[in-house]
Amino acid sequence: MCLYFKIHRGTKEIGGSCVEVWTESTRILIDFGMPLVKKDGTVFDFGKYKALNACELIKQGILPDIEGLYNDTGHLIDGVIISHSHQDHYGLSNFINKNVKHYLGKAAHKIIEISNLFMPQKVNIINATYFEKEKAFQVGNISITPYWADHSAFDSYSFLVEANGKSIFYSGDFRNHGRKANAFKWFTHNAPQNVDYLLLEGTTIGRETKPFKTETEIENELTEIFKQQGKINLIYTSGQNIDRIVSIYRACKKTDKFLVVDVYVATILKELSKFAKIPFPSKDFVSLKVMFPYLTSRGLKNKGYEKILYQFKNHKITKEEISNLAYKIAMIVRPSMQKDLEKINEIDGGNLIYSMWEGYLLKSDTKKFINYLTNRKFTIYKIHTSGHADTETLKQMVETIKPKHIVPIHTFSVSEYQKIFSLPIVEMNDRETRQI
Ligand SMILES: [Zn+2]
């Protein structure tokens with residue numbers, strides 16, 4: 001009796017992760033992500049393929065060709081396990097047959113549902129079962145144990161997959177310098193040992209060798225900038241990067257500033273406050289205010305979701321108030337809020353803190369947004385730390401698990417693995433089957 005696996009996508013690229021694992025009687029998928037790059041390495045834009053059905057998307061190589069995943073014909077796949085709520089790990093799930101069960105974290109599912117309300121791309125996961133950290137569950141004769149991971153997505157996991165006495169560890173996306181660094185520390189004392197194959201993410205391999213800044217260091221850098229007198233601070237960051245939002249909130253507390261978030265970020269914070277102690281619009285966090293961007297509010301009204309807007313009415317801050325209190329405000333922004341910023345006077349000469357991966361600076365809407373603020377005499381700062389492990393942390397995971405083999409995944413630098421790790425590296429190709 002064996003255990004088999006196949007990486008459908010991800011052996012030589014970051015994004016679009018999808019791994020199939022099977023035994024003689026059970027088949028599961030781990031992650032079903034949207035690609036981030038095309039075959040030629042340029043940015044992947046799903047908008048261009050929107051009109052295509054599953055069959056055509058398989059022909060184009062966008063959807064992996066997997067039996068029993070899309071149609072009712074044949075034996076349906078037994079389960080799809082999602083590691084976290086980043087698009088490159090779940091973004092194609094909408095094409096999966098609705099009778100196929102998804103297994104994911106409850107908070108991760110909540111984030112996906114909120115994204116469906118606010119973003120153009122929808123991924124409806126209806127048939128969902130929630131797992132919990134460290135609690136093994138069975139799909140057929142395959143056992144899966146989720147391990148809580150420190151990552152820039154809230155509610156992220158690595159997985160131990162076992163069957164027939166064989167084992168695979170899927171690292172997922174992880175790090176050791178975020179606000180859940182303790183999760184990694186715990187892992188180094190409780191990790192499974194001697195697994196047959198470690199599928200190890202290598203997002204940062206080949207990019208950076210020195211240790212990454214911690215979220216606490218980010219918080220301190222933000223605090224120094226917020227101390228400048230008489231300026232508004234706009235922060236362009238992901239509304240789903242809760243670790244970063246907590247850093248911003250804490251820097252605000254230290255410098256006596258209001259943190260202004262828009263209705264999208266407010267919704268995320270409110271819903272996730274049911275899972276963790278984080279600031280959210282309420283009487284307990286009076287320095288947290290909510291603004292209602294024109295485009296987002298109109299979008300929600302058009303879809304009949306006014307209720308989402310009303311829930312924050314007691315915490316509302318108007319554009320006029322932002323204008324008057326500019327020197328006391330740090331506000332989380334994104335390019336679609338330019339229309340609103342145009343209506344806010346008295347903020348020229350403020351600070352814009354760019355707090356995301358630098359690669360996104362190449363996107364046309366980001367460029368336009370930064371140009372707009374540069375014209376308003378904003379000073380631009382880049383303050384960020386990666387959502388992914390640095391080399392030292394990757395080595396620590398390997399030393400902890402002591403796998404028999406390491407398989408590079410979620411990386412553009414496969415050849416570098418040999419130089420970093422002393423254990424056997426198995427370089428695989430997409431769609432290649434491995435038997436354990
Ligand atoms: Zn991720």
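For the numbers below, each heavy atom of this structure counts, side chains included, while hydrogens, waters and symmetry mates do not. Note that the structure is predicted; figures quoted are calculated from it, not measured. Order of listing sets the numbers, starting from 1, for every ligand and every atom in it.
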Whether Lys363 engages the ring of Tyr360 as a cation-pi pair (distance to the six-membered ring centre under 6.0 angstrom, angle to the ring normal within 45°) should be assessed.
yes

Examine all N, O or S atoms of Asp173, backbone included, and report whether one is under 2.8 Å from the Zn ion (ligand 1).
yes

The Zn ion (ligand 1) to nearest N/O/S of His89 less than 2.8 Å
no

Which one of Thr385, Asp390, Thr393 satisfies the side-chain contact (heavy atoms from CB on, under 4.5 Å) criterion with Arg175?
Thr385

Does either side chain, that of His177 or that of Asp150, offer a donor lying less than 3.5 Å from an acceptor on the other one?
no

Taking 4.0 angstrom as the limit, do Asp262 and Arg334 come out as a salt bridge?
yes

If the Zn ion (ligand 1) is the vertex, what is the angle to NE2 of His84 and NE2 of His151, rounded to 10 degrees?
100°

Here the N/O/S atom of His86 closest to the Zn ion (ligand 1) would be ND1

